[in-house]
Protein chains: 2
Amino acid sequence: MASGQGRVLELAVLGSLHETPLHGYELRKRLNALLGMFRAFSYGSLYPCLRSLLEQGLIMEEQPAPTTIVGGRSKIVYKLTAEGKERLQDLLTQAGPSAWEDESFGVHFAFFRHTEAEVRLRILEGRRSRLEERLDAVRTALARTRERLDSYTLELQRHGLESVEREVRWLNELIATERRASAEESPDRSTDE
Amino acid sequence: MASGQGRVLELAVLGSLHETPLHGYELRKRLNALLGMFRAFSYGSLYPCLRSLLEQGLIMEEQPAPTTIVGGRSKIVYKLTAEGKERLQDLLTQAGPSAWEDESFGVHFAFFRHTEAEVRLRILEGRRSRLEERLDAVRTALARTRERLDSYTLELQRHGLESVEREVRWLNELIATERRASAEESPDRSTDE
DNA sequence: GCTCCGATGTATCGCACCGATACATCCCGA
DNA sequence: TCGGGATGTATCGGTGCGATACATCGGAGC
């Protein structure tokens, strides 16, 4: 209950609108193009989210120049308010479990451009721990298993483990890159250790 | 609304209980050991599911031999009824979207041992189509994108695409294996094509 | 010129399921 | 002996997906 736990959509919407004002339909297309590989945003959650953000004063409707519009189809373009930008900065600073869980990590990562280097690093490491935790859990459970597993179950396990291990390796590379970049930027202890 | 759409838990529980009677806590551990890499089953859904299955007469409480029990801690062991077994067979025969979506595919796959060869093949192919569809969608959306993307977004895209492509390759191998096995079993057209 | 269809667009409802939490008992080590 | 961790059952709140409904626009085909 602390502060915006689990509300992935809020960040996704705020982050997208930070680039450029958008309306619902377009927003969904953007998000699904950006993150379609990981999750599927739907209207059933988008529109309620937009309404909530509107009520909170974090976004507002943008009136297009009336002269340019002729055949004006009903279309509601939203843009960030000052409070919205503040809130976005806030969300981008949070490096907690809500940032590295499966559903939310992708969204946070997608807006890393606007995230401080230190926060980026903590999120990447948090995600890595999360995955390694999961690997451990499944591996020990597997080791404790008495009965012989059928080939399908084994193959599923193998594939699952391999996928997660692969993501861990990916995270390792990203973390190394981040470290290298931040070392270049502030080479105080460049030769240290 | 047709017939048990989306109810992944039902299959997971019925399938697990088919191997051996279990109680809630153990059931959850089993499922998380089996599928923990893909999803996380929680009590908040398990117990309501068990209750529902009980009401439907698909499972029943199993009384352990009272003599053996001494310090009997309250523990409710469930086992399949005849109707439950029937229902399970039914679920295992269904090869629809509800079988190859992200959340459900793993569960269906985990019980492939009890699934007919033909159904297995259709599920694997269905999943593959689903993933290829997604690849297409993201690729064309990406191609249509005018603005230049930052390196984080690009890396996310790259990693997402690679993961899905990898799963498609995995499915290809599985499908080939299935085909080979089924050809061996009924070598009517062994030399055909 | 007319019509149909698919893309664009806003919106709601049902409901599956996760995370957190509460609470009780058992067992084991300090 | 006492406290913490594993075992065990159970509920509640809330997020967000899928299906659906319903409008309008532009273009393809005839």
Side-chain angles (χ1 to χ4, degrees), chain A residues 1-13 22-32 35-36 38-54 61 64 69-78 96-98 100-104 106-107 130 137 140-141 144, chain B residues 1-2 4-13 22-32 35-36 38-54 61 64 69-78 96-98 100-104 106-107 130 134 137 140-141 144:
Chain A
M1 197 157 313
S3 60
Q5 294 285 32
R7 306 202 51 94
V8 200
L9 270 174
E10 186 172 344
L11 173 58
V13 170
L22 289 170
H23 51 105
Y25 189 83
E26 210 171 356
L27 187 51
R28 178 179 185 264
K29 277 210 313 191
R30 285 284 189 110
L31 287 175
N32 279 339
L35 297 156
F38 308 98
R39 45 182 308 143
F41 295 93
S42 89
Y43 297 127
S45 36
L46 256 191
Y47 282 109
C49 177
L50 284 171
R51 187 169 0 113
S52 155
L53 290 175
L54 203 54
E61 299 184 18
I69 299 304
V70 183
R73 165 134 99 268
S74 90
K75 180 191 293 193
I76 311 173
V77 178
Y78 297 97
S98 60
W100 53 63
E101 285 307 311
D102 289 329
E103 335 78 50
S104 34
V107 178
R130 182 73 190 79
T140 60
R144 238 198 297 273
Chain B
M1 197 164 300
Q5 294 286 32
R7 306 200 51 95
V8 201
L9 270 173
E10 187 174 343
L11 173 58
V13 170
L22 289 171
H23 50 105
Y25 188 83
E26 210 170 356
L27 187 52
R28 178 180 184 262
K29 276 209 316 191
R30 286 282 188 110
L31 287 175
N32 279 339
L35 297 155
F38 307 98
R39 46 182 307 143
F41 295 93
S42 89
Y43 297 127
S45 36
L46 256 191
Y47 282 110
C49 177
L50 284 171
R51 192 175 350 119
S52 155
L53 291 175
L54 204 55
E61 300 183 19
I69 299 304
V70 183
R73 166 135 98 266
S74 90
K75 179 190 295 193
I76 311 175
V77 179
Y78 297 96
S98 61
W100 53 63
E101 286 307 311
D102 290 328
E103 336 78 51
S104 34
V107 179
R130 182 74 191 78
R134 202 179 299 182
T140 63
R144 239 198 297 274

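Values in this document were obtained by computation on a predicted structure and should not be read as measured data. Any value given below was found using the heavy atoms of this structure, including those in side chains, with hydrogens, waters and symmetry copies removed.
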Atom-pair distance ([atom1] on [X]; [atom2] on [N]), nearest Å:
| X | N | atom1 | atom2 | result |
| --- | --- | --- | --- | --- |
| A/Arg28 | C/dA11 | CZ | C1' | 13 Å |
| A/Leu53 | D/dT15 | CG | C1' | 14 Å |
| A/Leu31 | D/dC17 | CG | C1' | 14 Å |
| B/His23 | D/dT9 | NE2 | C1' | 11 Å |
| B/Arg144 | C/dA7 | CZ | P | 10 Å |
| A/Ile76 | C/dG9 | CD1 | C1' | 9 Å |
| A/Glu61 | C/dA11 | CD | C1' | 14 Å |
| B/Leu11 | C/dC17 | CG | P | 11 Å |

Using only side-chain N and O atoms of [X], determine if any of them is under 4.0 Å from OP1 or OP2 of [N].
| X | N | answer |
| --- | --- | --- |
| A/Lys75 | D/dC25 | no |
| A/Tyr43 | C/dA11 | no |
| B/Tyr25 | D/dT7 | yes |
| B/Ser45 | C/dA16 | no |
| B/Arg7 | C/dC15 | no |
| A/Arg51 | C/dT12 | yes |

Legend entry - Axis-to-axis angle between the two ends of the helix from C/dG1-D/dC30 to C/dA30-D/dT1 (five base pairs per end, rounded to 10 degrees):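 The value is 30°.
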Sub-4.5 Å side-chain heavy-atom contact between [X] and [Y]:
| X | Y | answer |
| --- | --- | --- |
| B/Asp102 | B/Arg134 | yes |
| B/Glu10 | B/Leu53 | yes |
| A/Leu35 | A/Val107 | yes |
| A/Tyr78 | A/Leu54 | yes |
| B/Arg144 | B/Thr140 | yes |
| A/Leu22 | A/Val77 | no |

Inset, instruction - Could you tell me whether A/Gly44 contacts a base, only the sugar-phosphate backbone, or nothing, with contacts defined as non-hydrogen atoms closer than 4.0 Å? - result: base
Of the listed nucleotides [options], the one nearest the side chain of [X]:
| X | options | result |
| --- | --- | --- |
| B/Arg39 | C/dC18, D/dC17, D/dG8 | C/dC18 |
| A/Phe41 | D/dA19, D/dC17, D/dG16 | D/dC17 |
| B/Ser42 | C/dG19, C/dT12, D/dT11 | C/dG19 |

Legend entry - Lys/Arg N to Asp/Glu carboxylate O, B/Arg39 vs B/Glu103, below 4.0 Å: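 Salt bridge between B/Arg39 and B/Glu103, a charged N being under 4.0 Å from a carboxylate O: no.
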Inset, instruction - For A/Arg28 and A/Tyr43, work out which heavy atoms get closest and say how close. - result: CD-CE2, 3.1 Å
Legend entry - First of B/Pro48 and B/Lys29 reached from the 5' end of DNA chain D, by closest nucleotide: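 This one resolves to B/Lys29.
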